[in-house]
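Note sheet for the following structure.
Quick caveat: nothing in here was measured; it's all calculated off a predicted structure. Order of the sequence lines fixes the chain letters, A, B, ..., with proteins taken first and strands second; residue numbering starts at 1 for each chain.
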2 protein chains.
Amino acid sequence: MAIRPTTDTARCGPCAQWRDGDGPLIREILNRVGDKWSILVIGTLSTTPMRYSDLHAAIPGLSQRMLTLTLRQLQRDGLVDRVAYAEVPPRVEYSLTPLGETLLDTVSSLAQWALDHRDEIETNRASFDAATG
Amino acid sequence: MAIRPTTDTARCGPCAQWRDGDGPLIREILNRVGDKWSILVIGTLSTTPMRYSDLHAAIPGLSQRMLTLTLRQLQRDGLVDRVAYAEVPPRVEYSLTPLGETLLDTVSSLAQWALDHRDEIETNRASFDAATG
DNA sequence: CCGTATCCTTGGAGATACTG
DNA sequence: CAGTATCTCCAAGGATACGG
């Protein structure tokens, strides 16, 4: 039934678990990566810890509401650390946890893939659109 | 201003381009990866080329509409190849292109990350939820 | 400064029915 | 078999205003 040799299946071991499983699903994690704001927040924090207002300013189009929600999610998963200083005026700093940094590394390789193939994809799209009319 | 040494910035070279750029955006590609169905279709096709109805059967919850839309997107980007045989009844086979396979490899490493850290994340969530109440 | 609360809109996605 | 065509719904997300 398999047209390709069965050994090829081994290339995508994790794929078998993409559809279900216990605990945090692969799907949930891929969702976070695919999420527009999560990835931008993580990328922005990769350089340096930042305050809430700095993040807000650094990421155009990101509303306060979504920034808060995104940070809570990342914090809950242990990807981002939140430290509030009891000062006046209040100061809160967000930074990547070690776990967050490992995710960043992995996502970066995906971003690198995108950079490496963006021209090829653009060409593919153009010829597809031309053929489709 | 940077709290971490500047050399750390180099770890995420592509991050600088996550927010803009010409041609297909990094963002668009991450969206595709984060997309529920795209990734399942790609993962399903990793084993063997498949027909439309096979894909439909193989991925529970995927409607015809979304399957068609997803396949078109993947095809347009050159990630998936579509071959229609002039037979009765009609037969159409979908398969990963070489480009699609390279994406699969990259995404697999992300899925592997998810597998490697799912327990840790689950623990993080539990303690966060406990602390939050 | 760092958020929360509320309203409101939009487009993504399921269900269903139909065609080459 | 392999799609297309509508209709509908609902929840993600923006805008705005307010609170600790």
side-chain hydrogen bond (donor to acceptor under 3.5 Å, both in side chains) against B:Ser53, all qualifying residues, sequence neighbours excluded: none
side-chain hydrogen bond (donor to acceptor under 3.5 Å, both in side chains) partners for B:Ser63, two or more places apart: none
Those residues that, when tested against B:Asp35, pass side-chain hydrogen bond (donor to acceptor under 3.5 Å, both in side chains) (two or more places apart): B:Ser38
Which residues share a side-chain contact (heavy atoms from CB on, under 4.5 Å) with A:Ala84, sequence neighbours left out: A:Arg82, A:Val92
Closest-nucleotide 5' rank along DNA chain C - winner of A:Arg72 and B:Gly61: A:Arg72
Spacing of B:Glu87 atom CD relative to D:dG3 atom P, expressed in whole Å: 14 Å
Length of the CE-P vector between B:Met50 and D:dA2, whole Å: 11 Å
Presence of B:Arg51 side-chain N/O under 4.0 Å of D:dA2 phosphate oxygens OP1/OP2: yes
B:Glu93 CD to D:dC1 P, straight-line distance once rounded to whole Å: 14 Å
With sequence neighbours excluded, residues passing side-chain contact (heavy atoms from CB on, under 4.5 Å) with B:Thr123: none
Would you tabulate the nitrogen or oxygen pairs shorter than 3.5 Å linking the protein to nucleotides 16-20 of chain D?
none

Within residues 59-113 of chain B or reaching into it, pairs that qualify as ring pair (Phe, Tyr, Trp, His ring centres under 6.0 Å) - sequence neighbours excluded: B:Trp113-B:His117
Interatomic distance, B:His56 NE2 vs D:dA2 C1' [rounded to whole Å]: 11 Å
Protein-nucleotide distance (B:Asp54, atom CG; D:dG3, atom P), rounded to Å: 12 Å
A:Gln112 and A:Asp116 side chains, donor-acceptor separation under 3.5 Å: yes
Minimum-distance pair of heavy atoms, taken over all atoms of B:Leu103 and B:Leu79: CD2-CD1, 3.9 Å
N/O (side chain, B:Tyr52) to phosphate O (OP1/OP2, D:dT4) under 4.0 Å: no
Sugar-phosphate only, base, or nothing, as touched by B:Tyr85 at under 4.0 Å among non-hydrogen atoms: nothing
Angle by which the axis turns from one end of the helix from C:dC1-D:dG20 to C:dG20-D:dC1 to the other, five pairs per end, to 10 degrees: 50°
Along DNA chain C, first and last positions that approach a heavy atom of chain A under 4.0 Å: C:dC1 to C:dT6
Side-chain cluster (under 4.5 Å, hydrophobic types only) that B:Phe128 belongs to, other residues: none
Rounded distance (Å) that lies between atom P of D:dT4 and atom CG of B:Leu71: 10 Å
Residues forming a side-chain contact (heavy atoms from CB on, under 4.5 Å) with B:Ser127, sequence neighbours excluded: none
Residues that B:Arg91 engages under side-chain hydrogen bond (donor to acceptor under 3.5 Å, both in side chains), provided they are two or more places apart: B:Glu87
d(CE, A:Met66; C1', D:dA15) in whole Å: 14 Å
